[in-house]
Amino acid sequence: MTRALRRASAVASLLALAAVAALAGPASAASPSTAAAAGRYRVVASGLNNPRGIAFGPDGALYVAEAGAGGAGPCLTGPEGDQVCFGSSGAVTRIWRGTQHRVQTGLPSLAEAGGVAATGPADVSYLGATRYVVVQHAGGGPEGRAPFGAAGAAFGRLLKVAGGHTSFVADFPAFEAAHNPDHGAGAEPGSSGIDSDPYAVLAEPGHQVVADAGGNDLLRVDRNGHISVLAVFPVRMTLAPPELGLPPGTKIPFQAVPTSVTRGPDGAYYVGELTGFPFPKGAARVWRVVPGHRPHVYARGFTNIIDLAFDGRGRLDVLEIAANGLSGDDPTGALIRVGRDGSRRTLASDGLVTPTGFVIAPDGGFYVSNFGIFPGSDPSGQLPGTGQVVRIPPR
């Protein structure tokens with residue numbers, strides 16, 4: 001079976017594909033934004049290592065999860081066959097009035113050479129003064145942490161930071177190994193189907209809600225750290241791409257890969273799909289989830305959703321990491337608005353290069369993690385850009 005078919009659901013492998021697209025894509029797409037230079041976007045933070053989810057804190061500052069840039073090792077063979085190396089370079093950065101400072105450091109990170117396409121802290125959410133950080137998993141079940149010892153203990157967990165103290169709240173790989181809510185649907189034949197990759201967190205009073213991109217489910221964590229299932233997202237079938245060498249008309253499964261969750265104005269949860277290989281363009285969906293009921297599709301026709309949020313007028317804004325698909329060579333993302341009547345409008349695209357998260361400001365503007373699969377520096381001079389946060393004015 002080809003390596004391509006093994007690209008099932010792990011976000012790490014999908015981000016690696018995005019990195020390939022950015023490095024191979026047209027210079028006009030994968031270069032520091034001409035739109036930013038013209039004043040349409042404003043860079044508010046730079047030098048970030050794989051910036052991902054972003055949120056406002058109770059102090060009004062921005063906080064962004066940095067997946068890090070890996071480190072000196074141990075090193076493993078990554079999902080695309082390349083070597084990835086471990087380090088404690090994951091972090092959370094505070095951005096406030098032109099200054100930036102890492103307020104949480106030493107979190108685990110795995111990355112390719114040069115710090116590209118890291119696996120590490122993926123999202124941050126606040127409830128009052130308490131910060132919750134979800135850290136991606138190194139792969140599979142709890143055994144995926146074993147090569148890294150105590151330094152990798154945070155992989156696949158939800159962290160709580162309160163009063164200067166950090167604690168582990170929930171262990172998603174352990175839950176996946178014990179329950180496997182999607183029963184390994186769509187997994188490679190012969191594999192266990194155990195795959196956890198928590199990617200997004202929403203902190204709410206008394207609990208937190210987490211989208212597990214590997215497990216293809218939406219999970220609830222109660223105040224005691226107990227995990228329960230809110231929804232499982234199904235596998236679909238699509239035509240096999242020619243590079244797999246399968247007979248014409250052959251269909252293969254592709255997974256949902258939920259990467260984002262928000263609470264809608266109607267009280268339901270809304271979840272965005274990245275989708276798995278072969279990433280059919282236009283196949284990503286937004287799900288509406290009401291606890292105790294089966295999820296249903298709220299909106300269709302997106303490509304590789306990485307984040308979403310509702311604005312103050314009840315309109316859904318959706319961020320795509322690759323508007324033309326991860327299997328191509330165009331790293332341009334898109335921020336798209338879905339009106340309450342179902343209409344759609346692209347709010348921003350040019351200058352968004354593999355964007356990985358956003359938050360809506362009180363004035364209706366946007367703060368977006370841009371060049372979100374690249375490290376904060378590039379001594380080699382080979383990367384198209386380095387991690388940053390940009391501000392897009394209200395649209």
Side-chain angles (χ1 to χ4, degrees), residues 35-36 39-42 44 52-64 95-96 123-128 200-205 208-209 211 218 230-231 258-274 282 284-291 293 295-321 323 332-352 355-370 372 389-395:
R40 283 193 281 168
Y41 308 162
R42 177 168 59 89
V44 299
R52 303 289 165 78
I54 186 169
F56 282 105
D59 55 358
L62 286 167
Y63 291 81
V64 59
I95 304 165
W96 175 247
D123 200 13
V124 57
S125 183
Y126 269 88
L127 183 64
V201 58
L202 174 64
E204 298 186 314
Q208 301 82 47
V209 178
L218 186 67
L230 293 176
T259 52
S260 45
V261 58
T262 191
R263 177 79 82 163
D266 58 355
Y269 296 112
Y270 289 78
V271 178
E273 297 179 327
L274 185 71
R285 303 170 294 186
V286 176
W287 290 89
R288 181 177 184 269
V289 177
V290 176
H293 299 268
H296 76 261
V297 175
Y298 174 76
R300 306 174 186 269
F302 295 98
T303 302
N304 303 138
I305 298 172
I306 198 71
D307 203 0
L308 47 72
F310 282 90
D311 70 8
R313 296 171 59 183
R315 301 172 298 187
L316 178 65
D317 295 324
V318 176
L319 182 66
E320 298 178 324
I321 187 173
T332 305
L335 182 62
I336 300 167
R337 171 164 291 160
V338 180
R340 288 176 293 180
D341 60 357
S343 61
R344 300 189 187 188
R345 179 165 67 99
T346 298
L347 303 180
S349 184
D350 292 343
L352 294 181
T356 47
F358 78 102
V359 66
I360 303 175
D363 69 353
F366 304 88
Y367 290 94
V368 182
S369 297
N370 204 23
V389 172
V390 298
R391 175 177 162 81
I392 301 173
R395 300 295 170 93

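Position 1 is the first residue of the sequence, and the numbers go up from there.
- Using a distance-only test at 3.5 Å, with no hydrogens or angles considered, a donor-acceptor pair links the side chain of Asn304 to the main chain of Leu274.
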- [ ] Kindly determine whether Val201 and Val124 satisfy side chain to side chain contact (heavy atoms under 4.5 Å, CB included), including the steps that lead there.
- [x] CA-CA 7 Å; Val201 58; Val124 57; 5.9 Å; no
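- The line from CZ of Arg52 to CG of Asp307 is 12.5 Å long, rounded to the nearest 0.5 Å.
- A donor and an acceptor atom, one from each side chain of Arg263 and Tyr269, are located under 3.5 Å apart.
- Side-chain N or O atoms of Thr303 include one that pairs as donor or acceptor with a backbone N or O of Gly282 at under 3.5 Å.
- Rounding to the nearest 0.5 angstrom, the gap separating the CG atom in Leu202 from the CG atom in Leu218 is 9.0 Å.
- Between atom OH of residue Tyr63 and atom OH of residue Tyr126 there is a gap of 4.0 Å, rounded to the nearest 0.5 Å.
- Pairing each heavy atom of Ala200 with each of Ser260, the nearest pair is CB-CA, 3.8 Å.
- Between the side chain of Arg40 and the backbone N or O of Ile392, no donor-acceptor pair lies under 3.5 Å.
- Contact check for Phe302 versus Leu308: no side-chain heavy atoms found under the 4.5 Å cut-off.
- Side-chain atoms of Tyr41 come within 3.5 Å of backbone N or O of Asp350 as a donor-acceptor pair.
- Atoms CG and CZ, on Leu62 and Phe56 in that order, are 4.5 Å from each other to the nearest 0.5 Å.
- Proximity of Trp96 to Asp59: side-chain heavy atoms (C-beta onward) are nowhere separated by under 4.5 Å.
- Considering all non-hydrogen atoms of both residues, Asp123 and Ile54 come closest at OD1-N, 4.1 Å.
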Task: Verdict with supporting geometry, Thr346 and Ile336, side chain to side chain contact (heavy atoms under 4.5 Å, CB included) - done: CA-CA 4 Å; Thr346 298; Ile336 300 167; 4.1 Å; yes
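- Of the possible polar contacts, none joining the Glu320 side chain to the Ala334 backbone as a donor-acceptor pair under 3.5 Å is found.
- Scanning all heavy atoms of the two residues, the minimum distance from Ala361 to Tyr367 falls at CB-CE1, 3.8 Å.
- Between atom CG of residue Leu347 and atom CZ of residue Phe366 there is a gap of 5.0 Å, rounded to the nearest 0.5 Å.
- Ile95 and Val44 get closest at one heavy-atom pair: CG2-O, 3.8 Å.
- Closest heavy-atom contact between Gly314 and Arg340: O-CG, 3.5 Å.
- Taking CG of Leu319 as the start and OG1 of Thr356 as the end, the distance is 7.5 Å to the nearest 0.5 Å.
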Task: Step-by-step side chain to side chain contact (heavy atoms under 4.5 Å, CB included) determination, Arg395 to Leu335 - done: CA-CA 11 Å; Arg395 300 295 170 93; Leu335 182 62; over 6 Å; no
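- Closest non-hydrogen pair, Pro295 versus Ala231, comes out as CG-CB, 4.1 Å.
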- [ ] Could you walk me through whether Val297 and Trp287 pass the side chain to side chain contact (heavy atoms under 4.5 Å, CB included) test, one step at a time?
- [x] CA-CA 4 Å; Val297 175; Trp287 290 89; 3.8 Å; yes
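- Remark: the backbone N or O of Gly333 is paired with a side-chain donor or acceptor of Ser349 at under 3.5 angstrom.
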